[in-house]
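Lettering follows sequence order; numbering is per chain, from 1. The analysis underlying the following values was restricted to heavy atoms, covering all of them including side chains, and did not include hydrogens, waters or symmetry mates.
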Amino acid sequence: MFSEEDVLPVEFYDNPDVVDIAQKLLGKVLCSMIDGVFTAGIISETEAYCGRNDKACHANNGKRTDRTEVMFGKPGHAYIYLCYGIHHLFNVVTNRTGFADAVLIRSILPVDGLDQIIERRTVKNHVNLANGPGKLTQALGITTDLNKTYLINPPVWIENRGVEIPSTEIAPSKRIGVEYAGDHAERLWRFEISKSLSKKLKV
DNA sequence: TACCGGATATCCT
DNA sequence: GGATATCCGGTAA
């Protein structure tokens with residue numbers, strides 16, 4: 001359920017270092033309350049996208065379009081867009097107004113509403129329910145309808161439940177699917193909780 | 001108007 | 001493990 005006490009405040013997102021935020025989001029809990037159904041999962045994989053000098057970012061170097069406009073707005077809002085015409089991908093807008101930084105959530109470990117998550121995910125395999133950017137939005141019932149929503153209250157918000165991820169348990173790597181970004185694709189701006197710790201956090 | 005993408009399920013060895 | 005069909009909105013021409 002939504003808790004004023006645990007929700008991440010906007011100050012968390014109002015930070016000029018998006019790579020730092022991408023790491024700090026690991027261990028936090030992405031929550032949704034949709035059609036009266038509460039579901040949530042521990043964020044276990046993220047990617048940082050910077051609005052300046054980052055060819056992998058949709059809003060790179062002031063590229064303002066209808067789609068990217070939300071990234072130039074206030075931190076703590078959701079940037080959700082359709083990928084491959086099928087998948088709804090969820091990002092958190094960070095940094096102050098005018099700076100189009102965002103963190104893509106790539107994977108969560110389901111912790112609340114497992115039955116509803118299984119119901120939403122129309123697949124036979126119930127093992128890897130939310131280990132992908134398109135899978136986790138389906139698991140939590142998040143669609144592009146929720147683009148631009150403010151993530152400090154329902155229907156979608158992020159909580160700090162006190163799970164600390166030591167830096168030694170964070171594995172950096174290259175971002176996925178951004179080959180078109182040339183040399184910027186080489187940056188290690190993808191962050192995952194180590195396999196061993198993920199296992200312990202799994203419900 | 002035309003191309004292509006911050007991906008995934010399923011089937012195959 | 002690897003290959004493959006799949007969907008449609010954004011973007012630039």
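Side chains of A:Arg121 and A:Gln138: a donor-acceptor N/O pair is present below 3.5 angstrom, by distance only. No side-chain donor-acceptor contact under 3.5 Å links A:Asn95 and A:Asn15. Of the N and O atoms on the side chains of A:Ser107 and A:Ser44, at least one donor lies less than 3.5 Å from an acceptor on the other residue.
A:Leu89 has its CG atom 15 Å from the C1' atom of B:dC4, to the nearest Å. Computed from coordinates, the A:Glu179 CD to B:dG5 P distance equals 9 Å when rounded to whole Å. For the pair A:Asn91 CG and B:dG5 C1', the computed distance is 14 Å after rounding to whole Å. Distance A:His87 NE2 to B:dT8 P: 6 Å, rounded to the nearest Å. When rounded to the nearest whole Å, the span between CZ of A:Arg120 and P of B:dA9 equals 16 Å. Counting to the nearest Å, the P atom of B:dT10 and the NZ atom of A:Lys124 are 6 Å from each other.
The partner of B:dC4 is C:dG9, judged by Watson-Crick or G-U wobble contacts that both fall below 3.5 Å.
Taking the six-membered ring for Trp and thresholds of 30 and 60 degrees, A:Trp157 and A:Phe38 have nearly parallel ring planes, at less than 30 degrees apart. Ring geometry for A:Tyr84 versus A:His87: interplanar angle over 60°, hence perpendicular rather than tilted (30 to 60°).
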Base-contact (B) and sugar-phosphate-only (S) positions in nucleotides 7-13 of chain C, heavy-atom cut-off under 4.0 Å, - elsewhere: BBSSSS-

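Heavy-atom distances to DNA chain B give each of A:Asn125 and A:Gly177 a nearest nucleotide, and the one nearer the 5′ end belongs to A:Gly177.
As judged by a 4.0 angstrom heavy-atom cut-off over every strand, A:Leu104 is placed among the base-contacting residues.
Taking a 6.0 Å sphere around NZ of A:Lys24, one finds it holds 12 or fewer heavy atoms contributed by other residues, nucleotides or ligands.
OP1 or OP2 of B:dA9 has at least one side-chain nitrogen or oxygen of A:Arg121 nearer than 4.0 Å.
The line from CD1 of A:Ile105 to CG of A:Leu89 is 10.5 Å long, rounded to the nearest 0.5 Å.
Side chain of A:Pro133, nearest nucleotide from B:dG5, B:dA7, B:dA9: B:dA7.
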